[in-house]
Number of protein chains: 2
Amino acid sequence: MEDSRAADGGRQRPTLEMVAAEAGVSRGTASRALNGGHNVSRRAMEAVQAAATRLGYRPNLAARSLVLGRSGSIGLVVSESDERLFSDPYFATVARGVHAELMAHDVQLVLALAQTPAERERMLRWSAGRPLDGVIIISVHGADPLPGAIATEGVPVVIGGAVEGPDRDIPGLASVDADNLTGARSAVEHLVSRGRTRIGHISGPLDMVVGRDRLEGWRSVVSGLPGGAPQTLTVEGDFTEAAGAEGARRLLAAHPDLDGVFTANDVMARGALSALQQAGRRVPQDVAVVGFDDLPGTEGISPGLTTVRQPVIEMGRQMARTLLAMVEGLPLAERHTVVPTTLVVRETS
Amino acid sequence: MEDSRAADGGRQRPTLEMVAAEAGVSRGTASRALNGGHNVSRRAMEAVQAAATRLGYRPNLAARSLVLGRSGSIGLVVSESDERLFSDPYFATVARGVHAELMAHDVQLVLALAQTPAERERMLRWSAGRPLDGVIIISVHGADPLPGAIATEGVPVVIGGAVEGPDRDIPGLASVDADNLTGARSAVEHLVSRGRTRIGHISGPLDMVVGRDRLEGWRSVVSGLPGGAPQTLTVEGDFTEAAGAEGARRLLAAHPDLDGVFTANDVMARGALSALQQAGRRVPQDVAVVGFDDLPGTEGISPGLTTVRQPVIEMGRQMARTLLAMVEGLPLAERHTVVPTTLVVRETS
DNA sequence: GCTCCACATGGGAGCGCTCCCAAGCGTGCT
DNA sequence: AGCACGCTTGGGAGCGCTCCCATGTGGAGC
């Protein structure tokens with residue numbers, strides 16, 4: 001309507017210049033009054049604030065970004081399909097923690113996928129081009145060059161998960177991860193303490209460090225058992241419920257005497273649970289099941305799942321805190337944080 | 001390390017000026033070459049592009065925003081607690097559609113809550129302050145002044161859901177909603193066609209239009225039945241599984257002869273389902289259940305739920321499309337879109 | 001009464017970009 | 001051969017803000 005392009009509600013949006021004029025001071029004074037308020041007389045302070053409210057002044061954040069070289073927004077990047085991003089509760093939970101912490105610092109959360117090459121290129125554009133002060137990347141597969149590339153552009157990166165190889169030494173790159181090795185070990189040791197001797201593992205994707213770490217935790221315990229840790233006691237999954245069910249079926253086929261299963265996350269544990277029951281196994285009498293994650297909001301589901309809890313919301317907050325500190329240029333106590341896990345015993349073991 | 005504040009990887013980030021110098025042309029020519037490419041000779045074009053790649057040039061999006069008066073990012077605002085935002089699959093699904101459409105247009109998605117007054121004030125700051133070109137608001141309660149306030153600031157708003165009252169006439173405010181009335185009616189008519197005569201309803205929050213609309217759809221059919229539509233055949237829920245279970249228990253207590261339940265969403269239907277089974281009712285033999293939503297990804301869950309499907313992903317895309325059109329200043333065919341629903345009959349009816 | 005300093009203020013510079021306009025240049029027409 | 005038009009090009013202006021520095025003003029100290 002009205003105008004062809006100026007999208008404005010009609011009148012000119014008030015600028016700092018106009019506020020200053022209205023208050024009878026200069027631009028510089030107005031700016032100081034509205035921000036810190038240092039070196040501003042009480043009189044000027046009040047005049048400026050009154051003028052600002054009278055005019056309905058809102059600082060233009062783009063202009064501020066330009067001069068400060070900072071945008072006040074950070075990206076949360078997930079290298080997954082949009083289907084998984086928006087359906088796996090793990091991501092939602094990390095996002096919840098990240099969101100909470102960012103909001104407390106008045107920082108915008110930009111959500112984006114980076115799975116296809118085009119999406120990855122866009123992330124680079126967005127971070128290097130400044131509207132992103134920093135980036136949190138969760139779900140890293142393989143030796144993904146993206147985090148390193150962004151960090152190299154001078155934009156701080158925090159990875160949700162472990163960092164291996166040369167990326168560990170890039171100063172602009174930090175990480176927050178659960179102690180997957182110890183956590184997995186505690187899960188399997190718990191199964192052993194329950195008298196289980198034939199313990200299978202349904203792993204996460206083995207191109208992800210988290211998948212390999214939890215597998216390794218399992219192996220380190222199971223290889224000490226009489227039967228050892230044969231290949232057939234392990235099935236690679238992808239963290240989905242279907243993969244859990246399929247994994248349980250495969251384990252059962254190879255080892256009819258299976259009496260324990262440790263899955264790399266809770267979603268797969270649920271899948272395994274129904275497959276086991278469908279195969280006529282009672283849980284936990286015949287087969288005990290232990291998962292990993294213990295996301296909030298899943299406590300009520302029956303049967304109560306024995307699982308390794310990682311404080312995912314808090315880890316999300318920690319990622320955001322770390323990133324914000326890096327954006328500020330503050331020194332970090334430790335670049336690579338590892339968070340302890342807790343075993344939560346419920347009904348399935 | 002290195003430097004105290006300049007977060008840069010050390011060296012100066014290349015600017016358009018530097019690219020122009022490298023290519024031996026002026027700033028203006030370089031700009032034109034990198035953007036549309038109109039009125040630029042082939043020679044200059046190639047020289048500039050080569051220089052840009054050689055220098056690793058990334059345009060400063062803050063500067064561009066400042067001059068264009070546009071940031072290339074839009075906000076997705078949810079007026080709910082962060083717990084609900086990150087656990088209710090409905091939001092995730094809308095977000096999925098919005099995300100897909102925005103990415104196709106290279107627009108950033110900024111995710112934010114606006115429940116507390118402080119959060120709502122921040123939204124106003126973010127939208128009026130320009131780094132948000134437009135805002136999509138989902139889950140509006142009561143007569144929320146926020147959408148109107150943002151629209152009045154000159155920032156286009158799209159509401160996911162119905163708009164009532166004076167807000168309908170604000171030109172900068174559009175909406176996308178499912179045809180809840182007709183959808184609810186078709187659900188209840190389906191129950192009637194299955195021979196049910198005692199049909200209860202577990203509604204959404206009645207301070208939301210969607211809650212009232214679906215209730216009204218139920219009432220319009222049920223009031224024509226012999227027993228009429230007494231108050232006791234309705235329980236107000238809040239879209240959570242617990243509310244669904246509690247609602248079913250209350251309905252059963254008031255009407256032991258209950259033979260049908262229509263719930264305002266699928267999550268509550270799941271809750272109702274388990275409460276009904278716990279009360280010894282067989283579904284659908286004793287009591288038939290129909291939900292609302294039919295979100296993708298829930299098809300596999302057993303028993304298959306009869307429900308009213310709304311194309312939520314597509315609706316999310318539609319919201320984004322509408323908003324982007326408004327940002328462009330394009331004329332809208334219709335400001336308030338209503339999307340038809342489909343009844344999907346499965347095992348619970 | 002004069003100097004000195006702390007504090008308050010105004011306004012220029014500049015962030016990196018896009019837009020606009022004037023100037024340059026080659027071609028096709030009369 | 002001369003003129004006009006169209007395509008390219010360079011560079012100034014300006015988006016709204018923050019920083020910095022020079023200037024102004026008052027009170028404390030000698």
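The basis for the numbers below is simple: all heavy atoms, side chains too, and nothing from hydrogens, waters or symmetry mates.
- In terms of the salt bridge (charged side-chain N to carboxylate O under 4.0 Å, His left out) criterion, residue partners of B:E80 (sequence neighbours excluded) are, by chain and number, B:R84.
- Remark: A:R321 engages A:E101, A:E314, A:R317, A:Q318 in a side chain to side chain contact (heavy atoms under 4.5 Å, CB included) (not counting sequence neighbours).
- Ionic pairing of A:R125 and A:E153 is not present here: no N-O contact between side-chain nitrogen and carboxylate oxygen is shorter than 4.0 angstrom.
- Sorted by first and then second residue, the ring pair (Phe, Tyr, Trp, His ring centres under 6.0 Å) pairs involving residues 91-123 of chain B (not counting sequence neighbours) are A:F86-B:H99.
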Report each atom pair, protein N/O against N/O of nucleotides 5-7 of chain D, whose distance is under 3.5 angstrom.
none

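- For DNA chain D, none of the residues of residues 121-128 of chain A falls under the heavy-atom distance limit of 4.0 Å.
- Listed by chain and residue number, nothing satisfies the salt bridge (charged side-chain N to carboxylate O under 4.0 Å, His left out) test with A:R168 (two or more places apart in sequence, or in another chain).
- Taking 4.5 Å as the limit, some side-chain heavy atom of B:S73 sits within range of a side-chain heavy atom of B:L132.
- Annotation: side chain of A:Q108 is not in contact with side chain of B:R122 (no heavy-atom distance under 4.5 Å).
- Dashed line: the shortest gap from a side-chain N or O of B:S26 to OP1 or OP2 of D:dT9 is not under 4.0 Å.
- Annotation: the terminal axes of the helix from C:dG1-D:dC30 to C:dT30-D:dA1 meet at 50°, where each axis is the rotation carrying the C1' atoms of four end pairs onto the next four (5 pairs per end, rounded to 10°).
- Note on residues 36-46 of chain B: no pairs pass side chain to side chain donor-acceptor pair (under 3.5 Å), not counting sequence neighbours.
- The distance from the CZ atom of A:R58 to the CH2 atom of B:W126 is 13.5 Å, given to the nearest 0.5 Å.
- A:A44 comes within 4.0 angstrom of sugar-phosphate atoms only, judged by non-hydrogen atoms across all strands, and of no base.
- By the salt bridge (charged side-chain N to carboxylate O under 4.0 Å, His left out) test, A:D82 pairs with B:R96, sequence neighbours left out.
- Rounded to a whole Å, the NE2 atom of A:H38 is 11 Å from the P atom of D:dC19.
- A:D133 places a side-chain N or O within 3.5 Å of a backbone atom of A:G72 that can act as its donor or acceptor partner.
- With rounding to the nearest 0.5 angstrom, the CG atom of A:L323 is 9.5 Å from the CG atom of A:L332.
- We find the CZ-OG distance between B:R64 and B:S31 to be 7.5 Å, quoted to the nearest 0.5 Å.
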Please list each protein N or O that sits under 3.5 Å from an N or O in nucleotides 21-28 of chain C, with the distance.
none

List every contact pair, protein side and nucleotides 13-17 of chain D side both N or O, where the distance is under 3.5 Å.
from   : atom 1 : to    : atom 2 : distance (Å)
D:dA13 : N6     : B:R27 : NH2    : 2.9
D:dC17 : OP1    : A:Y57 : OH     : 2.4
D:dC17 : OP1    : A:N60 : N      : 3.2
D:dC17 : OP2    : A:L16 : N      : 2.3

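- Scored by the salt bridge (charged side-chain N to carboxylate O under 4.0 Å, His left out) test, B:D144 finds B:R120 as partners (sequence neighbours excluded).
- Rounding to the nearest 0.5 Å places CD1 of A:I136 at 6.0 Å from CG of A:L76.
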